[in-house]
Amino acid sequence: MRIIDTHTHIYDAAFDADRDAVVRRAREAGVGQVLLPNEDSGSYAAMRATQAAYPDFCRVMLGVHPTSVNEQWRREMEFFDDHIGDPGWTAVGEIGLDLYWDKSFLPQQKQVFEHQLAAAVEKGLPVSIHSREAFAETIASLRRFDAGRLRGVIHAFSGGAEQAREYSRLGDFYFGIGGVSTYKNARFVEQLPMVGLDRIVLETDAPYLTPVPMRGHRNEPAYLVHVAGRLAQVFGLDAETVAETTSQNAEKLFF
Ligand SMILES: [Zn+2]
């Protein structure tokens, strides 16, 4: 089995005690590459250190996460501007809009999101989009750009086929599927065949969103085999085919 984890935070302090073992288990499970999304200037050093420790395993993104848009938002945008010209970025992420935790910075969230979308378009980089309880607002921001130049992944996608179609009209978008797909109440999973396996990439969002049967524990890239297994059921394929197809999708988009 060959798997790419397109969205994981293994630089997080939750992995400080046993990161070597986490990477070893991932490789043993077939996860040969992971993509690390940045959150803000505070996560940058840990992300870079993890990349340096496992240079053939990790690729990195640069971005300001929407929940990091607060009173310091201008400083965060300057930090992004100072580093986006550096070589080696796989994508701009994770960026987007989050109205679940805090709505008070919505205008600033939009400004930071669109600033980073513009940078991605200018650099020809894909984006990793975090959109939580902000579908209409996210669509409105994407609409301001040329659909022929926007490409990326809708991270932690849990919308139906209609939402996927709306995103796809606005750019070359893939949909990131992780542990949530294994939860009993995840009705969106039934619509994934309409989205198409050729549009899906796998992701853990570790340490969060652990798939069944490991739910309740810290998530880690090795557990993606459970997500591949769930999608294999949904698509009527074997897990190897799901892993291989989604890895090829990730390579097309990011490599
Ligand atoms: Zn994330």
Side-chain angles (χ1 to χ4, degrees), residues 1-8 10 22-37 57-59 90-91 93-94 126-131 151-169 171-206 208-217 219-255:
M1 184 139 24
R2 184 175 78 98
I3 306 181
I4 297 175
D5 186 348
T6 60
H7 191 117
T8 186
I10 56 164
V22 167
V23 170
R24 180 169 35 78
R25 283 195 293 270
R27 286 180 158 138
E28 283 166 6
V31 181
Q33 289 268 296
V34 300
L35 273 53
L36 309 180
F57 183 67
C58 299
R59 293 177 186 240
T90 286
E94 59 183 290
V127 293
S128 177
I129 295 181
H130 169 117
S131 176
R151 63 198 183 94
V153 58
I154 310 301
H155 149 63
F157 182 69
S158 63
E162 183 49 43
Q163 278 200 10
R165 267 193 296 275
E166 276 212 53
Y167 280 120
S168 297
R169 278 194 281 269
D172 183 13
F173 285 114
Y174 290 79
F175 301 91
I177 302 297
V180 175
S181 67
T182 66
Y183 301 169
K184 263 205 183 73
N185 58 358
R187 303 292 309 277
F188 74 94
V189 177
E190 296 157 20
Q191 294 200 26
L192 288 179
M194 284 189 274
V195 175
L197 193 61
D198 61 336
R199 283 284 139 188
I200 290 173
V201 294
L202 302 187
E203 57 173 45
T204 53
D205 208 16
Y208 309 109
L209 303 176
T210 310
V212 174
M214 305 312 292
R215 204 173 179 185
H217 300 269
N219 200 2
E220 61 176 70
Y223 298 166
L224 268 188
V225 294
H226 303 298
V227 176
R230 176 72 182 115
L231 292 188
Q233 282 178 347
V234 172
F235 282 89
L237 299 165
D238 53 63
E240 280 75 13
T241 304
V242 169
E244 179 59 31
T245 305
T246 55
S247 293
Q248 287 176 10
N249 297 341
E251 286 170 347
K252 242 183 268 173
L253 178 60
F254 291 113
F255 293 8

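In this structure, the side chains of Ile4 and Leu35 come closer than 4.5 Å at one or more pairs of heavy atoms. Taking 4.5 Å as the limit, some side-chain heavy atom of Ile10 sits within range of a side-chain heavy atom of Val34. Using a 4.5 Å cut-off on side-chain heavy atoms (C-beta onward), Gln248 and Arg2 make contact. Residues Arg59 and Phe255 have side chains in contact (heavy-atom distance under 4.5 Å, counting atoms from C-beta outward). A 4.5 Å side-chain heavy-atom check between Pro211 and Asn219 finds at least one atom pair inside the cut-off. Between Ile177 and Leu231, some side-chain heavy-atom pair lies under the 4.5 Å cut-off.
For Val225, the side chain to side chain contact (heavy atoms under 4.5 Å, CB included) partners are Met1, Ile3, Ala29, not counting sequence neighbours. Applying the side chain to side chain contact (heavy atoms under 4.5 Å, CB included) rule to Ser168 yields the partners Phe175; only residues at least two apart in sequence or on another chain are considered. With sequence neighbours left out, Thr245 forms a side chain to side chain contact (heavy atoms under 4.5 Å, CB included) with Leu197, Thr241, Asn249. Tyr223 meets the ring-ring contact (aromatic ring centres under 6.0 Å, His included) test with no other residue; sequence neighbours excluded.
For Val31 against Pro221, the heavy-atom pair with the smallest separation is CG2-O, 3.6 Å. Heavy atoms only, all atoms of each residue included: Phe173 and Ile129 are closest at CE2-CD1, 4.0 Å. Of all heavy-atom pairs between Thr182 and Arg230, the closest is CG2-CB, 3.9 Å. Minimum interatomic distance between Phe254 and Pro126 (heavy atoms only, all atoms of both residues): CD2-CG, 3.8 Å.
Judged by the 6.0 Å distance and 45° axis criteria, Arg215 is positioned over the aromatic ring of Tyr183.
For the residue pair Asp5/Thr204, the side-chain donor-acceptor check at 3.5 Å is satisfied.
One finds a salt bridge joining Arg169 and Glu162 here, because a Lys/Arg side-chain nitrogen approaches an Asp/Glu carboxylate oxygen to under 4.0 Å.
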Test Leu202 against Thr6 for side-chain contact (heavy atoms from CB on, under 4.5 Å), laying out the working first. CA-CA 6 Å; Leu202 302 187; Thr6 60; 5.8 Å; no

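The CD atom of Gln233 sits 9.5 Å away from the OG atom of Ser181 when rounded to the nearest 0.5 Å. Once rounded to the nearest 0.5 Å, the distance linking OH of Tyr174 with CZ of Phe157 reads 15.0 Å. Atom NE2 of His155 sits about 3.5 Å away from atom NE2 of His7, to the nearest 0.5 Å. Rounding to the nearest 0.5 Å places CG of Leu209 at 8.5 Å from CD of Glu203.
At most 12 non-hydrogen atoms from other residues, nucleotides or ligands lie less than 6.0 angstrom from OH of Tyr208.
Note on residues 171-185: pairs passing salt bridge (charged side-chain N to carboxylate O under 4.0 Å, His left out), not counting sequence neighbours, are Asp172-Arg199.
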Just distance, no hydrogens or angles: give the donor-acceptor pairs under 3.5 Å from side chains in residues 185-196, sequence neighbours left out.
from	atom 1	to	atom 2	distance (Å)
Arg187	NE	Glu190	OE2	3.2
Gln191	OE1	Ala161	N	2.8

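Put simply, the side chain of Thr246 never gets that close to the backbone of Val201: no donor and acceptor are under 3.5 Å apart.
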